Amino acid sequence: MTRCSANTVAVPVEREVALERADDRIAVMAREVAEGLARRQKELPPKYFYDERGSDLFERITKLPEYYLTRAERALLEEHARSIVELFRPRTLVELGAGSAVKTRILLGAMRDAGCLEEYVPIDVSREFLQETARQLRREYPSLRVVPAVADISESLGVPERLTRPVLFAFLGSTIGNFDAPAARSLLARVRQAMRPFDRLLLGTDLRKPRRVIEAAYNDSRGVTASFNRNMLRVVNRELGADFDVAGFTHRAFYSAERHRIEMHLVSSREQMVHIPLVGTVHLAKGESIRTEISCKYDRPSVRRLLRAASLQLERWFAEDGRFALSVASPRP
Ligand code: AVJ
């Protein structure tokens with residue numbers, strides 16, 4: 001790299017590695033932003049919602065009266081964690097997108113009570129977030145081995161080869177809904193690849209229901225979801241030095257009953273140009289939108305099909321209140 005040879009100041013190796021990682025991250029983001037904004041329907045990847053402010057806003061969303069998902073999933077976990085654990089007595093919990101402190105503790109608590117808990121492997125894109133989570137959990141569970149892994153699960157899982165089996169892979173929060181069918185299939189196929197015969201996957205999915213209920217969850221009366229949506233532009237501004245006028249976009253979320261999914265968009269309130277270094281100049285017409293998220297809604301047959309397509313078998317289905325479902329899946333040979 002020219003930066004090394006041209007630099008007269010000695011850069012410690014560790015710092016150099018850290019610098020390159022940051023460069024990589026920005027380069028990857030620039031590529032993804034460029035690709036997304038070049039599409040006919042402009043798009044930005046939903047993983048960029050979650051800087052510190054975005055994570056706080058999401059935390060607030062989970063407490064809104066309209067946003068039923070988190071409460072529904074937590075109730076199912078509280079009800080069934082024990083019997084899920086007794087199914088195969090996992091010694092390791094691998095959590096994909098380890099965002100959910102409360103839900104993690106329900107599972108870890110059930111594993112500890114059953115006497116099988118040994119190892120916790122949280123996987124997340126945010127190194128800082130992971131380190132904080134690891135620190136807290138080591139304190140709360142002194143005998144627990146915590147092995148955090150930094151990875152963008154939409155690219156690769158990054159799970160260590162040697163895990164203490166059996167493993168409970170948990171993919172909660174309906175995050176699978178953010179992936180379209182092909183991407184969801186390949187993500188679950190990667191999980192399947194990491195599984196051995198006695199391991200299981202616990203998958204949380206939001207369920208299909210009347211439009212008004214789903215749309216209310218993504219158009220809350222306090223406007224928290226609108227702030228969360230617009231926060232993505234702040235993230236792109238900060239990380240890539242772009243000049244999005246955040247106030248020049250309005251939040252829009254609608255349910256497509258044919259495609260069984262919510263779409264979140266940012267609608268440009270006027271014609272505008274946005275300058276993004278490393279990407280270029282982007283033109284938006286008045287009323288043109290950037291899609292920031294899809295959130296797919298399932299039913300039992302569609303979950304079964306999705307699992308099957310990834311060589312997984314639906315083994316248990318928990319969905320008492322009809323709003324949200326927890327599925328336990330086993331690997332098919
Ligand atoms: C965390 C991805 C499951 O899709 O419902 C909440 C994110 N977006 N409100 C979802 C979200 C708008 C959420 N997931």
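Keep in mind that what you see is a predicted model, and the values were worked out from it rather than measured. Side chains included, hydrogens not; waters and symmetry mates left out as well; all remaining heavy atoms used. Read the numbers this way: they start at 1 and go in the same order the structure lists the ligands and their atoms. Residue numbers start at 1 and run along the sequence shown.
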Protein contact to [atom] [nearest heavy atom, distance to 0.1 Å]:
atom                    : value
atom 7 (C) of ligand 1  : Glu293 OE2, 3.4 Å
atom 2 (C) of ligand 1  : Asn178 OD1, 2.8 Å
atom 13 (C) of ligand 1 : Tyr67 OH, 3.2 Å

Pair Arg212 + Glu215, salt bridge at N-O below 4.0 Å: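 Salt bridge: no.
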Lys103/Glu95 ion pair, N-O < 4.0 Å: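 No, this pair does not count.
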Please check if any side-chain donor atom of [X] sits under 3.5 Å from a side-chain acceptor atom of [Y], or the reverse.
X      : Y      : answer
Asn237 : Asp243 : no
Tyr67  : Thr62  : no
Glu66  : Ser221 : yes

Backbone or side chain, does any N or O of [X] fall under 3.5 Å from an N or O of ligand 1?
X      : answer
Tyr50  : no
Lys297 : no
Ser174 : no

Per-atom contacts of ligand 1 with Phe58, taking only distances under 4.0 Å to non-hydrogen atoms: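 Per the distance check, 1 (C), 6 (C), 7 (C), 13 (C).
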Under 4.0 Å to a heavy atom of Ser295 - the qualifying atoms of ligand 1, by number: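 It comes down to these atoms of ligand 1: 4 (O), 5 (O), 10 (C).
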Sub-4.0 Å heavy-atom approach of Gly173 to ligand 1: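 Per 4.0 Å heavy-atom rule, Gly173 contacts ligand 1.
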Contact with ligand 1 for Phe228, non-hydrogen, under 4.0 angstrom: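 Heavy atoms of Phe228 do come under 4.0 Å of ligand 1.
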Residue from Val282, Leu233, Leu266 passing side chain to side chain contact (heavy atoms under 4.5 Å, CB included) with Phe244: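 It is Leu233, the one option of Val282, Leu233, Leu266 that forms the side chain to side chain contact (heavy atoms under 4.5 Å, CB included) with Phe244.
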Over 12 non-hydrogen atoms of neighbours within 6.0 angstrom of CD in Glu132: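 More than 12 within 6.0 Å, yes.
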